[in-house]
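Have a look at the structure below before the remarks.
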Amino acid sequence: MKQTRFSTGVAALQFAAACGTLMASISLGHAQAPQPGWVTVSACTPAGPLIPTNTNESCGSDILQPILAGLVTTDAKTGAIIEDVAASITTADNKTWTVKLQKGRKFHDGTEVLAKNFVDAWNWAAYGPNGQSNNDWFSVIVGYGDLNPKAPKGEKPPVPATNRMSGLKVIGDHEFQVELRMPVPVFRAQLSYKAFYPMPDSFFADPAAFGRKPIGAGPFQFVSGAPDSGYKLAAFPGYSGPAKPSIKGVDLRIYTSREAAYNDLVAGNLDLLRDIPASKLVADLWKRDLRGRAVIQPRANIQALGMPYTDANPQLLKPAIRQALSMAIDRKAIVDILFNGIGQPATGWVPPGTEGYQPGACGEYCSFNPEKAKSLLAQAGGYKGEIKLYYAGDSEVKSAMDAVCNSIQNTLSIACVTSALSDNATFRSFTRSGKADGPFPSNWTMDYPSIDNALIPLYSKDGTSNRGAYENAAFDALLDKAAKEETSAAIKTYQEAERMLTAEMPRVPLWNPAMTVGHSPKVRSVTLYANGRIDYSALLLKD
Amino acid sequence: MTGYILRRLLQFIPVFLGTTFVVFFLAWGMPGDPLAGKCGDRECPDAFVAAATEEFKLDRPLIVRYGYYLADLGRGDLGRSFTGRDVSEQLVAAFPATVRLALLAVLIEVLLGITIGVFAALRPGKTFDTATMMVGLGIIAFPSFVIANLAQLVFGVRLGWFPVTVSDPTSFAELLLPAIVLALAHQVTLSRLTRSAVIETMQSDYIRTARAKGLGEARIVVVHALRNSLIPAVTYVGKDIGGLLAGAVVVEGVFNISGVGGLIVQSIRSHDGITIVGAVTVVVVAYLFINLLVDLSYAVLDPRIRYD
C-alpha cells in the first residue's frame with residue numbers, strides 16, 4: 001500500500017515536470033524573433049501555381065506582385081503609368097508598337113531581361129493548348145487566331161499549326177515590335193497587367209517548377225514558401241529598376257480567416273493586414289484597437305447590380321424600370337451605415353483613380369431620388385410581382401444586398417427579396433446562363449487603371465466578361481471610334497461612351513469600396529497601388 | 001485474433017469503395033460549373049476552359065470519370081486538384097497539423113475527463129461532483145467558436161500567455177491552447193461517462209471482495225474499478241479521435257491552423273471534387289482503423305471479451 005502511494009507520487013511529479021517542460025517550450029515557441037528590416041504580412045493560399053499568365057485570383061496575385069516587373073507599372077502615389085523594364089514604348093498609329101528595353105535589368109536567376117523573354121512569354125501564354133486563364137489578353141495581337149483555332153461545334157479544338165504569333169518580332173536584344181489586329185490607344189496601359197510580364201528562359205523548360213518558385217525581375221525575390229505555410233520574399237540585390245525597396249524582405253503568412261490575422265495584428269505578431277474584417281469596422285473599433293495605425297484608401301473597384309439581359313424577366317429589360325431601381329437605392333446611407341463610411345457611392349461605371357474617370361458619369365440616375373424613381377416607375381407602367389436579388393451565399397455581400405432590397409422596397413413599394421445561391425460557382429453559372437430573372441451583385445476590379453478596362457470587357461458586344469450579353473450598337477461604334485484616336489482623344493470618346501450607359505443601365509452602379517489597412521507600430525508609412533495591393537518598395541519602417 | 005483482424009480489414013474494402021463512390025458523386029454533382037469563377041471577376045477564356053475540361057475530363061459522364069479515378073487510385077495516385085497541386089501533396093501538408101492537434105486534444109481530454117470522472121464517482125452528489133457537473137454544463141452550453149475566440153482574446157491577445165495563432169503546426173506548444181479548447185467540451189462527456197461507470201463498478205461484488213482482502217482504496221479504484229469502467233470511455237475517446245481527424249473546422253479556423261477541416265471546406269467552396277474525395281476518403285479510412293483499435297482494446301480491458 002505504501003508502495004502504491006509512492007508510485008502515485010512519482011507519477012504526479014513526472015506529470016508536473018512534463019507540464020513544466022510544456023510551459024517552458026511555450027515561451028520558446030512564442031518568441032518568434034522578427035528579422036530586422038522584414039515585415040510580416042497576412043496573405044491567403046493561392047488557388048493555383050504561381051504563374052502570372054494563369055493567375056487571376058487575388059491570393060496568388062498578392063504574392064506575385066512584388067516578385068514581378070513588367071514593361072510599365074503604375075506609380076502608387078499618382079496612379080500614372082510609368083516605364084519599368086521598358087525604356088520607351090512608341091507608336092505612330094496605335095497598331096504597331098515598338099518597345100525598347102532598359103539595358104541591365106535582371107531576373108532573380110541572374111539572366112538579363114531581353115526582348116525574347118517578352119515575346120516567348122506572350123507566345124507561350126497565348127498558345128491555346130497551354131490553357132492559360134489570361135490567354136485572351138493577347139487576342140489583340142496579330143496571329144493570335146493561329147494559336148487558338150476555333151473548335152468545330154461539339155468537338156475539341158484542333159492543335160494549332162504554329163506556336164508563334166506573327167505580330168511579334170524581336171528586333172534586337174533590347175527591342176521588339178508588336179503588331180495589333182486593330183488600333184488600341186491604351187495598349188501601353190494594358191502592358192501594366194501581369195499577363196504581359198517577361199518570363200526567364202528557365203520557365204519554358206519547366207513551368208510547373210516556376211509555379212512553385214517563381215522568378216521575376218521585380219524588387220523582391222522568392223526565397224522559400226509553399227501554399228500552406230506562407231512565403232518569404234527578400235529584397236533582390238541585383239534590382240536596378242525604379243522601385244528599389246528600403247525594407248529587407250516580406251514574410252507573407254497564410255491566414256485562413258481575416259479575424260485570426262486581425263488578432264495577430266492587435267497582439268503585435270503581424271505588421272500589415274489589408275482588408276480589415278467588417279466586424280471590426282463597426283463604430284471604428286479597429287481604429288481604437290490599433291491606436292490610429294489605420295489607413296483607408298480608395299481602390300480601383302466597382303460594385304454594381306448586374307441586370308438580366310434575357311426574356312427571363314421582360315419587366316427588367318425596360319430602361320425606365322432600371323433607372324427607377326437605381327434612383328431608389330440610397331447608396332450614401334448604405335455606405336455610411338453598413339460600411340461605416342468606408343468607400344463611396346458610385347456615380348458612374350468607372351472607379352475613381354482610373355485614367356479617364358469622370359465624377360457623375362451616371363448623372364441623376366445614380367443619385368437617391370424617391371420622387372423621380374416613383375414617377376419613372378409609373379411611366380414604365382409599374383412593376384408586377386417581386387424582384388428577386390440573387391447572390392452567392394459564401395460571399396460577404398448578404399447584408400449589403402439586403403440593404404439594397406430594403407431601399408428598393410421602401411421607395412418603390414415593390415416586393416424585393418434576396419435569394420442566396422449556395423456558392424460562387426453556382427452563382428456564376430446561374431447568372432450567365434440567362435435564367436436569372438432578377439438582378440445580382442457584379443463586382444469589377446480593374447486589371448489596369450484605364451477607363452477602357454471598365455467598359456470594353458463588360459459592355460461591348462464581344463466583351464470577354466459581358467455576362468448580361470449586353471448589346472448597344474451606338475456604344476460599340478464609339479469604342480471603334482476611340483480605337484483609332486490618339487490616347488487623350490480616345491479617353492474623351494470612352495467617357496462619352498460611359499455616359500451613354502445611363503440610357504439603358506446595363507448594370508446599376510452601387511459603390512466603390514475602399515481598402516483598409518492596419519499596421520504595427522514598426523511601420524512608418526504604407527502606400528497602396530490603385531488595385532489595393534501594398535507597394536512594398538514604398539513601405540517605410542521606423543528605425 | 002489474427003483471423004478477426006483480417007476479417008475486419010477485408011470489410012474495409014466495400015466501405016472504402018462505397019465512400020469514394022458516394023463522395024465522388026456528391027462532390028462532382030454539386031450544382032454549378034466547377035470552372036465558373038476560376039478567373040476572378042473575369043469570365044474564363046475558351047482556351048482555359050478547353051484545357052481544364054480536357055485535363056479533368058469534365059466532358060465525360062460521371063461514372064466514366066469515377067472509373068478513371070479508381071484506376072488512378074489503384075496506382076496510388078490520388079489525382080491532381082484544380083489548384084495544380086497533387087491531392088496527396090495537399091493531404092501531406094494538412095494532415096500532420098490536424099493529427100497533432102487531435103492527439104494533444106485527446107490527451108488533455110483523457111487526463112481531465114478520467115480524473116474528474118473518478119473523483120466525482122468516489123463521492124457522488126457531494127461538492128466536487130456537483131461543482132464539476134455545473135461547470136461542465138456551462139462549458140457545453142457555449143458553442144466552440146465562442147470558447148475558441150474568447151480563449152484567443154484573453155490568453156493570446158490580452159495576456160499574451162499563448163501565441164494568438166499557430167504559425168508553426170509542428171510545435172506542440174503552439175497547439176496547446178487550441179487543444180485545450182477542443183478538449184474542454186469533450187472532457188465533460190468523458191468525465192460523466194467515467195463517473196457513472198465507476199459508480200456502477202464500485203458497487204459490484206468483486207470490489208467488496210477486494211476491500212475484504214484489505215486492499216487500499218487507491219489500488220481498488222485505480223487497478224480494479226477503473227480498468228473495468230473504461231470500456232464506455234474508450235469507445236467515446238475513439239469516436240472523438242475519429243471526429244477530430246476529420247478536422248475541427250471552427251477551432252482550426254480561429255487559430256489559423258491549416259488542417260484537414262479547412263482543406264475540405266475550401267475544396268467544397270471551390271468545387272474541387274478531386275481534393276474532396278481524397279481528403280474524405282483518408283478521413284474515413286482513419287476512422288475505420290481507430291474503430292478497429294477501439295474494438296481490440298476491449299479485449300485488453302476486459303479479458304472476458306475474446307475475438308476469434
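We name chains A, B, ... by the order of the sequence lines, and we start the count at 1 in each one.
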- Query: Yes or no on side-chain contact (heavy atoms from CB on, under 4.5 Å) for B:Val265 and B:Glu252, after CA distance, side-chain angles and deciding distance?
  - Reply: CA-CA 11 Å; B:Val265 170; B:Glu252 282 182 359; over 6 Å; no

- Query: Can you check side-chain contact (heavy atoms from CB on, under 4.5 Å) on B:Leu176 and B:Leu104, steps first, answer last?
  - Reply: CA-CA 7 Å; B:Leu176 193 59; B:Leu104 193 57; 4.2 Å; yes

- Between B:Asp33 and B:His271, does a side-chain contact (heavy atoms from CB on, under 4.5 Å) hold up when you go through it step by step? CA-CA 8 Å; B:Asp33 175 1; B:His271 283 223; over 6 Å; no

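With a 4.5 Å cut-off on non-hydrogen atoms, A:Asp264 touches chain B through its backbone and its side chain both. With a threshold of 4.5 angstrom between heavy atoms, B:Arg85 approaches chain A through side-chain atoms but not through N, CA, C or O. In this structure, the portion of B:Asp59 lying under 4.5 Å from any heavy atom of chain A is its side chain and not its backbone. With a threshold of 4.5 angstrom between heavy atoms, B:Ala50 approaches chain A through side-chain atoms but not through N, CA, C or O. Only the side chain of A:Asn424 comes within less than 4.5 Å of a heavy atom in chain B; its backbone stays farther off. Interface residue A:Pro49: backbone and side-chain heavy atoms are both found under 4.5 Å from chain B. For a residue to count as touching a neighbouring chain, one of its non-hydrogen atoms must lie under 4.5 Å from one of that chain's; by this rule B:Ile268 touches chain A with the backbone only. When heavy atoms are compared at a cutoff of 4.5 Å, B:Val254 approaches chain A solely by way of its backbone atoms N, CA, C and O. For A:Ile254, the part lying near chain B is the backbone, with the side chain staying farther off; criterion is any non-hydrogen pair under 4.5 Å. Only the side chain of A:Asp423 comes within contact range of chain B, with at least one heavy atom under 4.5 Å from a heavy atom of that chain. Contact annotation for A:Gln132: only backbone heavy atoms (N, CA, C, O) come within less than 4.5 Å of a heavy atom of chain B. Looking at B:Cys44, there are no atoms closer than 4.5 Å to chain A (heavy atoms on both sides), in backbone or side chain. Heavy atoms closer than 4.5 Å to chain B are found nowhere in A:Phe430, neither backbone nor side chain. For chain A, no part of B:Glu55 is nearby; none of its heavy atoms comes within less than 4.5 Å.
Between chain B and the residues A:Ala267, A:Pro227, A:Ala126, A:Gly60, the most heavy-atom pairs under 4.5 angstrom are made by A:Pro227.
Residues A:Asn123 and A:Phe138 are not in side-chain contact: their nearest non-hydrogen atoms beyond the backbone lie 4.5 Å or more apart.
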